[in-house]
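Worksheet for the structure shown next.
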Amino acid sequence: SAPDSTSNFGLRQLAIGAAGLAIITLVDPTIARDLHTGTSAAALQFDRQLDRFGDATGTIPIIGGIALTGLITKNRAVTRAAIRATESVVLADLFVQASKFVVGRSRPYADPNLDGYDFHVYGTTSPAFPSGHSANAFALATSLSDEIGRTWATVGLFAIATGTGWARLSEQQHWLSDVVAGAV
């Protein structure tokens, strides 16, 4: 019988993604070094605001506001959007935390030579790979974009999620490959 094309599709996509991520790790040190010396205080302050879209101080009020709006207006579609966004962010965070535990990659600020190849499996208190902020921001953007179904909302949400990933780079919290893996 013919091979199942859906299982081949998944393996092929995984292999392409892994190869792409491996290539991105080659530029991690260069980007980290450039950002290490070239980010102004004003830019860092702006980045800290973008950063919130990917952590609890941003996602909880956003999702909570959507849920509250749905409950007050008795709009099931809005309530469903809040539930789906919650599910997306929780699943992304669970995947990220498990991955961080297994990989144990050091963050740029904790890598003395900024080479991107310092790993401390099972012992790192704040591992980098993948970026949880990026994963949460893109999970939130994807779920809300799917629910809203408007191009302007999709562009805006993904622009903010991309800004969150950028903020993680400029703050020396993550390598580019961490951010890309989190976004995916």
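Positions are given from 1, in the same order as the sequence printed here. These numbers come from the heavy atoms of this one structure, side chains and all, not from hydrogens, waters or symmetry mates.
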**Complete:** In terms of heavy-atom contacts, G58 and P61 come closest through O-CD, 3.4 Å
**Message:** Among residues at least two apart in sequence or on other chains, which ones pass side chain to side chain donor-acceptor pair (under 3.5 Å) with T164?
**Reply:** none
**Request:** Treating Ile, Leu, Val, Met, Phe, Trp and Tyr as nodes and any side-chain heavy-atom pair under 4.5 angstrom as an edge, say whether V184 and W166 lie in one connected cluster.
**Result:** yes
**Message:** Treating H174 as the side-chain partner and A128 as the backbone partner, does any N or O pair qualify as donor plus acceptor under 3.5 Å?
**Reply:** yes
**Pairs meeting criterion salt bridge (Lys or Arg N to Asp or Glu O under 4.0 Å) with involvement of residues 175-184, two or more places apart** = R105-D178
**I66 with L157, same ILVMFWY side-chain cluster at under 4.5 Å** = yes
**Request:** Determine, stepwise, if the pair L176 / L169 fulfils side-chain contact (heavy atoms from CB on, under 4.5 Å).
**Result:** CA-CA 7 Å; L176 178 60; L169 292 172; 4.0 Å; yes
**Message:** Could you check whether T59 and N136, counting side-chain N and O atoms only, form a donor-acceptor pair closer than 3.5 Å?
**Reply:** no
**Prompt:** Can any side-chain N or O of E147 pair as donor or acceptor with the backbone N or O of V78 at less than 3.5 Å?
**Reply:** no
**Prompt:** Rounded to the nearest 0.5 Å, how far does CD of E171 lie from NE2 of H133?
**Reply:** 8.0 Å
**Asked** Do T25 side-chain atoms and A22 backbone N/O form a donor-acceptor pair below 3.5 Å?
**Response** yes
**Message:** Quick check on the hydrophobic clustering: are F158 and I62 connected, directly or via other members, by side-chain heavy-atom contacts under 4.5 Å?
**Reply:** no
**Item:** Heavy-atom pair with the smallest gap, counting every atom of A85 and S143
**Value:** CA-OG, 3.3 Å
**Asked** Are the side chain of N75 and the backbone of G70 linked by a donor-acceptor contact shorter than 3.5 Å?
**Response** no
**Prompt:** If you take all heavy atoms of S134 and G165, which pair is closest and at what distance?
**Reply:** OG-CA, 3.5 Å
**Complete:** Rounded to the nearest 0.5 Å, the CG atom of L68 sits from the OG1 atom of T79 at a distance of 9.5 Å
**Message:** Within the structure provided, determine whether F138 and T162 are in side-chain contact (heavy-atom separation under 4.5 Å).
**Reply:** yes
**Message:** When you compare the side chain of F101 with that of P127, does any pair of heavy atoms fall below 4.5 Å?
**Reply:** no
**Complete:** dist L71:CG -> R76:CZ (nearest 0.5 Å) comes out at 11.5 Å
**Message:** Taking the side chain as everything from C-beta on, heavy atoms only, tell me whether F129 gets closer than 4.5 Å to L21.
**Reply:** yes
**Message:** Once rounded to the nearest 0.5 Å, what's the spacing between atom CD1 of I24 and atom OG of S177?
**Reply:** 7.0 Å
**Side-chain heavy atoms of Q173 within contact of P108, under 4.5 Å** = no
**Prompt:** Out of I83, L140, L144, which residue meets the side chain to side chain contact (heavy atoms under 4.5 Å, CB included) rule with I63?
**Reply:** L140
